[in-house]
2 protein chains.
Amino acid sequence: MVTVDGMALGKDYATQECSIARALEVIGERWTLLVIRDALYGVRRYNDFLLHLGIPRAVLAARLQTLTAEGILEKRRYQESPPREEYVITERGIALWPTLRSLGVWGREHFAETQLRRFEHADCGTELGPYGECPACGTVVPVPDVVMVPGPGLNPDPADPVSRALLRPKRLLEPIETTTGAAVQET
Amino acid sequence: MVTVDGMALGKDYATQECSIARALEVIGERWTLLVIRDALYGVRRYNDFLLHLGIPRAVLAARLQTLTAEGILEKRRYQESPPREEYVITERGIALWPTLRSLGVWGREHFAETQLRRFEHADCGTELGPYGECPACGTVVPVPDVVMVPGPGLNPDPADPVSRALLRPKRLLEPIETTTGAAVQET
DNA sequence: ACCATAGGTTCGGTCATTGAACCAACCCCG
DNA sequence: CGGGGTTGGTTCAATGACCGAACCTATGGT
């Protein structure tokens, strides 16, 4: 056999015939799922991802490019004069919500944290079940109808403006209003 | 602030207050979710993981150790005389099934593959819904009652004995019978 | 003219992953 | 008793990915 030359290492799982493996080739790299999570929470701008995630700039640029190429985010110009871009999650990205939801539930249940955020059905206020369904209505809740409610145990006065914007209840996908404090300024 | 020295890079997402991030610190590394998938499929032995995944030996050893330490796998001796170990998935690991299931569904739907495997409710033969529920019975199917059925599009004559064992229908968690062909022998 | 903002790219250093080789029990076979 | 096979690892040099910091570009505000 000749072990197809080229990418010997990296993001692919060459020998696997499995849709889980295919999925992981797309979203399995470090930081990628957190970028998608933030996009579901309404984060759209390069600088906001940067502030909220604490990800190296180069890595963020690479992830945004890959996710755009894979059709999970869509890059678009939201302002011409000083050219400004934003990255908006697509249907394909939104379809990852049940996965992220069940991963979050698993993380909370098995690593004993206080509940940091709660997710409710906007129509009735019921807390979602483990796969994003509404126990009261008996239906899978469309992502735009999910409300994220911050819980206790969440730092009440975070440093970055994105975390501050996420401190009050809001619907998924609804863009965060970027108070435009300071750019990347740390410390 | 002083950014706790020590692990500056690696597996942690230091600034994130989020159970998704906590979960990813545990199962977010390369290969980890595939090891867990295989464990759900009934793979238990070091050599079988090796053969089926094509993972470097050192990485496999590291992942098995981490997963054992995190309580996702349990290492146990299944034979004394020549001391032999096996890694069996725990409740905590089994709880990842809905996550893996929804990830697999996403991978198949968005990256247009033929259906490689199907998952059915053993009691009634109905194909599972996207989160591992049975549409006919209306309940979430316990993992031991899920039957994995190989589909078309799966290589009918794979090289390694593990893939061959996974070619016929079987329940999740049921250990694969390792025909004990040859050890790691490739070529 | 000067500073700030948004969205990047470049670069040297460090960490993780890779493939191949080696090791160590123990068994079976002759 | 010696040789080979199986299982479950460890070690090692090389390569790629990730890291933080610095720099760049375009624009707008004052």
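Just so we're on the same page: letters track the sequence lines, and every chain starts at 1.
Checked for salt-bridge contact, R45(A) and E86(A) miss the test: no charged N lies under 4.0 Å from a carboxylate O.
Looking at which nucleotide of DNA chain D each of V59(A) and P82(A) is closest to, the 5′-most match is held by V59(A). If you find the closest nucleotide of DNA chain C to L64(A) and to E80(B), the one lying nearer the 5' end belongs to L64(A).
Here the nucleotide nearest the side chain of P56(A), chosen from dC18(D), dG20(D), dG8(D), is dG20(D). When each of dG7(C), dG8(D), dG9(D) is scored by its nearest atom to the side-chain atoms of R45(B), the top-ranked nucleotide is dG8(D). Here dT9(C) is the nucleotide among dT9(C), dC26(C), dG8(D) with the atom lying nearest to any side-chain atom of A61(A).
The interatomic distance linking D12(B) (CG) with dC18(D) (P) rounds to 15 Å, in whole Å. The distance between atom CD of E85(A) and atom P of dA26(D), rounded to the nearest whole Å, is 14 Å. Note: CG (L50(B)) to P (dT10(D)) measures 13 Å, nearest angstrom. Rounded to whole angstrom, the span from the CZ atom of F49(A) across to the C1' atom of dG7(C) amounts to 13 Å. If you measure from atom CZ of R77(A) to atom C1' of dA26(D), you get 11 Å, rounded to the nearest angstrom. Rounded to a whole Å, the CG atom of L60(B) is 18 Å from the P atom of dA16(C). Spacing between atom CD1 of I55(B) and atom P of dA20(C) amounts to 15 Å, rounded to whole angstrom units. The CG atom of L51(A) sits 13 Å away from the C1' atom of dG7(C) (whole-angstrom rounding).
One distance of note links CD of E74(A) with CZ of R44(A); it measures 10.0 Å at 0.5 Å rounding.
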Between protein and nucleotides 21-24 of chain D, what N or O pairs are separated by less than 3.5 Å?
none

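A sub-4.0 Å separation between OP1 or OP2 of dG7(C) and a side-chain N or O of Y78(A) is present. At least one side-chain nitrogen or oxygen of R30(B) sits closer than 4.0 Å to the OP1 or OP2 atom of dT18(C). For W31(B) and dT18(C), the shortest distance from a side-chain N or O to OP1 or OP2 is below 4.0 Å. Phosphate proximity of dG9(D) to Y87(B): present, with a side-chain N or O under 4.0 Å from OP1 or OP2.
The six-membered or imidazole ring of W97(B) lies away from that of Y131(B), with a centre-to-centre distance of 6.0 Å or more.
Side-chain contact between V146(B) and H121(B): absent, with no pair of heavy atoms (C-beta onward) separated by less than 4.5 Å. Contact of the L24(A) side chain with the Y13(A) side chain is registered, since non-hydrogen atoms from C-beta on lie closer than 4.5 Å.
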For a quick test of your reading: what N or O donor-acceptor pairs under 3.5 Å do the side chains of residues 63-72 of chain B make, sequence neighbours left out?
from	atom 1	to	atom 2	distance (Å)
R63(B)	NE	R30(B)	O	2.8
R63(B)	NE	T32(B)	OG1	3.3
R63(B)	NH2	R30(B)	O	3.2
T66(B)	OG1	A62(B)	O	3.1
T68(B)	OG1	L64(B)	O	2.7

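Among the protein residues, R63(A) comes within range of the sugar-phosphate backbone only, with heavy atoms under 4.0 Å from sugar or phosphate atoms but none that close to a base.
Residues H52(A) and D38(A) bring a donor and an acceptor atom of their side chains to less than 3.5 Å of each other.
Residue-to-nucleotide contacts include a donor-acceptor pair under 3.5 Å from the side chain of R84(A) to the base of dT5(C).
Relative to the ring axis of F111(A), R92(B) places its NZ or CZ within 45° and under 6.0 Å from the centre.
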